[in-house]
Amino acid sequence: MTDSARDRGVAIGIDLGGTKIEMILISPDGAVLFRERMPTPREEGYRAILAAVAGMVDHAVAQLGPDETFTVGVGIPGSLDDNTGLVRNANSTCLIGKPLKTDLELMLGHPVQVRNDADCFTLAECVSGAGQGYGLVFGVIMGTGCGGGICYNGVVREGPHRISGEWGHYSVDPQGAECYCGNRGCVETLISGSGVENAYCREHDMRLSMDQIVIKARSGDPRCSMAFERFLDDFGRCLGGLISTLDPDAVVLGGGLSNIDEIFTVGIDRVRHYAFHNDLRTPILKNRLGDSAGVFGAAWIGRNP
Ligand SMILES: [Zn+2]
């Protein structure tokens, strides 16, 4: 992102997640002026979520002088349909099919930018995290699901269908598990927390969390070791294929699963094995901003849509 794009007033970012909503107010130079977070009122539905987001924006605006200009960006676990502008593919299902951007703009009387949370993550890591200084960056969120975003020279690549980076629904195994998107064997069914947990449950008729599977694998449990080994191999195959396609300058990993140390040892060895190059040098980096990447990215998106 260019400096001229970042020097227009303060920026309000909202990370609208499935369990929490986080808000940040940042100055033109990126300093945090105000922060707030609350649980997402998902039981109460769409109108309650709208009211919660608008209320948090009002709290941020209340910190400003009367003539101060500001921008508003919102990151969501989904995206806006390129034809209708309605939310699609959101795992907070009450948002699906809703005109979130239009409704928020009406409530606030102010323009609002809405973007996919993986795009926000990638942008934030490029502006002030692990992706700084790299040209083409692929950002991965591996958590309950698996999402991705692409930034080139600090600008998010959105694409004509607004699906750039959605490798989580690249179907890699036609015999694999059904995915909610309608395909089978998507990347998300192999290397997300829910994907690994569901596969373990299908095979052993027993539900363990991803954390439990990793801990038991480390202590030598044979079933969990097999599941964990397969996860690391799938990670290598999926990311190796992606790197062969995009050849990015760096990959930044985020989400809860990026805290698994073996991803950065065995996992990266597998990526090198599967990528179409016998001396792969692509830096595969752990995020630096942690949970805060989403809300910072939303703020930067609002300022430079
Ligand atoms: Zn899918």
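Quick note: residue numbers are just sequence positions, from 1. Given the structure is predicted, the values throughout are model-derived calculations rather than measurements. Whatever order the structure lists them in is the order used to number ligands and atoms, beginning at 1.
The CE atom of M107 sits 8.5 Å away from the CG atom of D58 when rounded to the nearest 0.5 Å. Within the model, atoms OH of Y200 and CE of M226 stand 9.5 Å from one another, a figure rounded to the nearest 0.5 Å.
Remark: E44 does not engage R42 in a salt bridge, criterion side-chain N to carboxylate O under 4.0 Å.
If you look at H110 and F70, their ring centroids are closer than 6.0 Å.
The Zn ion (ligand 1) has H169 ND1, C179 SG, C181 SG, C186 SG as protein N, O or S atoms under 2.8 Å away.
A donor-acceptor contact closer than 3.5 angstrom links the side chains of D29 and S27.
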Could you give the side-chain donor-acceptor pairs of residues 286-296 under 3.5 Å, partners two or more places apart or in another chain?
unit_1 : atom_1 : unit_2 : atom_2 : d
K286   : NZ     : N259   : OD1    : 3.3
N287   : OD1    : G290   : N      : 2.8
N287   : ND2    : L253   : O      : 3.0
N287   : ND2    : S258   : OG     : 3.3
R288   : NH1    : G129   : O      : 3.3
S292   : OG     : R35    : NH2    : 2.9

